[in-house]
Amino acid sequence: MDISPVTGFKRALIISYDGLRPDAIAAAPMNNLLELIKTSAYTLTSAVTVAYPSTLPSHAAMLSGLCMQKNGIVYDKYYKYMGYSKGVDLFDLAHAQGMRTVMIVSKDKLRQLAEPETTDVFEVHYGESAVAKAAVEQISQGFGLMFVHFAGADLRGHKYGWMSDPQFKVLRQGDEALGKILTALDENGLRETTLIIVTADHGGHNKDHVGTVNEDFHIPWIASGPGVTPIEITASLQTMDTAATVAYALGLPLQADWDGIPVYEAFGVPRIKIHDDIGWPCHEWN
């Protein structure tokens, strides 16, 4: 089947809520995100992260389109001597096309996700409000690819437990931050030409996400923008599909070695290939 390129997108914004379980969106509630879902292609049930559901490995797979054994990020610590995520990632592709690339994160170890020469802006800020403020400032300057990371849900989950009141409180703060980001896109005239993907690196249970229960692996995946078909996606989706979907939407070259597949359903196109089952991707990582 011949797939026509997507038109209308000039930039992409990926927002990741560290540790966000899909069922926490309504439980918190995250009202701005719930409203966004109404006009989005989304799944709260069929998307999963990698077999080691932790911050660095999961985000590396999200942005590289590659399983852990390919991108080399099989650890969750900041090891400068290990270099950066291997392979051609989303930031490599965007920067090579002359796009302004931005990363606003809440954990400094996310520096290992992309080489400094491929990120025009890399900033670390602590707290949902500070992250939102930095993202809004960058939106006003224009961008081609932006990755925004909120750490609050993960930090509160480890301290107070997943699905706890303190975690819900910080998720509502993160949701308020989302509202500010969406408003900034509107006020700068960028919303109608921006692909927005809201997702997470992993879930969690009790006070951890060690990969012993399904709640550790399941993540939300929400895509919004011009030409996106409002639909609930039921086919299996993996975190590597985020990189592939953004590349497809922006007309960047899909890499032959990527494990991710564009979520064509989001654009009203039947998926040529789907993952065999929901399974746990990249399972043979050790």
Side-chain angles (χ1 to χ4, degrees), residues 6 9-20 32-33 36-37 40-43 47 49-50 55-66 71 85 89-95 97 99-107 110-114 118-123 125 128 131-132 134-136 138-139 142-151 153 174-175 177-178 180-182 184-185 190-191 193-202 219-226 228 237-252 254 258 260-263 266-267:
V6 177
F9 293 109
K10 294 183 179 180
R11 67 194 62 77
L13 168 63
I14 302 170
I15 299 175
S16 176
Y17 288 95
D18 202 316
L20 175 60
N32 287 313
L33 186 51
L36 187 69
I37 286 173
S40 299
Y42 75 97
T43 179
T49 190
V50 292
T55 300
L56 267 184
S58 298
H59 279 115
M62 180 194 299
L63 299 181
S64 73
L66 296 168
N71 65 43
S85 176
D89 61 47
L90 199 50
F91 278 84
D92 291 319
L93 295 174
H95 199 266
Q97 291 297 315
M99 294 182 175
R100 184 170 183 266
T101 55
V102 179
M103 296 184 75
I104 307 293
V105 303
S106 302
K107 294 179 179 179
L110 269 64
R111 173 69 277 181
Q112 292 193 259
L113 300 180
T118 68
T119 48
D120 295 309
V121 176
F122 179 88
E123 295 180 3
H125 296 274
E128 271 57 4
V131 171
V136 167
Q138 293 303 322
I139 288 170
F143 66 96
L145 174 65
M146 184 184 298
F147 172 70
V148 177
H149 167 255
F150 294 102
D175 186 65
L178 172 63
K180 294 178 181 178
I181 290 171
L182 295 178
L185 289 171
L190 304 180
R191 181 79 173 269
T193 51
T194 301
L195 173 65
I196 303 168
I197 294 181
V198 181
T199 186
D201 52 346
H202 57 76
I219 57 175
W221 197 89
I222 299 109
S224 173
V228 170
L237 192 156
Q238 300 178 356
T239 194
M240 296 86 70
D241 298 342
T242 295
T245 302
V246 170
Y248 171 68
L250 295 181
L252 302 174
L254 296 172
W258 277 4
I261 305 166
V263 183
F267 311 104

Practice task
Measure from the side-chain N and O atoms of His59 to the backbone N and O of Thr55, and report whether any donor-acceptor pair falls under 3.5 Å.
Solution key: yes
Practice task
Kindly determine whether Met99 and Leu250 satisfy side-chain contact (heavy atoms from CB on, under 4.5 Å), including the steps that lead there.
Solution key: CA-CA 10 Å; Met99 294 182 175; Leu250 295 181; 4.1 Å; yes
Problem - Min side-chain heavy-atom separation Asp241-Trp221 under 4.5 Å - result: no
Practice task
Check the surroundings of atom NZ in Lys107: do more than 12 heavy atoms from other residues, nucleotides or ligands lie under 6.0 Å from it?
Solution key: yes
Exercise for the section: Find the distance between CE (Met146) and OG1 (Thr194) and round it off to the nearest 0.5 Å. Expected result: 9.5 Å
Problem - Min side-chain heavy-atom separation Glu123-Val102 under 4.5 Å - result: no
Practice task
Measure the CG-OG distance between Leu185 and Ser224 for me, rounded to the nearest 0.5 Å.
Solution key: 10.0 Å
Problem - Nearest heavy atoms of Leu254 and Pro262, plus distance in Å - result: CD1-CG, 3.7 Å
Handout entry: Centroid-centroid under 6.0 Å between Tyr248 and Phe267 rings
Key = yes
Practice task
Without swapping roles, check the side chain of Arg100 against the backbone of Gly142 for a donor-acceptor pair under 3.5 Å.
Solution key: yes
Handout entry: Straight-line distance of Ile15 CD1 to Ile222 CD1, nearest 0.5 Å
Key = 10.0 Å
Handout entry: Minimum-distance pair of heavy atoms, taken over all atoms of Ala249 and Leu195
Key = CB-CD2, 3.6 Å
Problem - Heavy-atom closest pair, residues Leu66 and Asn71 - result: O-ND2, 3.1 Å
Completion exercise
Here the pair of heavy atoms bringing Trp258 nearest to Ala244 is CZ3-CA, 3.7 Å
Problem - Asp18 side chain to His149 backbone, donor-acceptor under 3.5 Å - result: no
Exercise for the section: Determine whether Phe143 and Val121 make a side-chain contact, defined as any pair of heavy atoms from C-beta on separated by less than 4.5 Å. Expected result: no
Completion exercise
In this structure, CE of Met62 is separated from CG of Leu90 (nearest 0.5 Å) by 11.0 Å
Practice task
Measure the shortest side-chain to side-chain distance between Leu113 and Leu56 over non-hydrogen atoms and say whether it is less than 4.5 angstrom.
Solution key: yes
Problem - Check: Val263 main-chain N/O paired with Thr245 side-chain donor or acceptor under 3.5 Å - result: yes
Practice task
Flag the pair Ile196 / Ile181 as yes when at least one side-chain heavy-atom distance between them is below 4.5 Å, and no otherwise.
Solution key: no
Handout entry: Which atom of Thr49 lies closest to which atom of Ser58, heavy atoms considered
Key = OG1-OG, 3.0 Å
Problem - Thr101 backbone acceptor or donor facing Thr119 side chain under 3.5 Å - result: no
Practice task
Output the distance between atom CZ (Arg11) and atom CG (Leu190), rounded to the nearest 0.5 Å.
Solution key: 4.5 Å
Fill in the blank from the handout: In terms of heavy-atom contacts, Asp201 and Ser16 come closest through N-OG, 3.8 Å
Completion exercise
dist Leu63:CG -> Asp89:CG (nearest 0.5 Å) comes out at 7.0 Å
Exercise for the section: Say whether, by atom type as modelled, one donor and one acceptor occur between the side chain of Thr193 and the main chain of Phe9 under 3.5 angstrom. Expected result: no
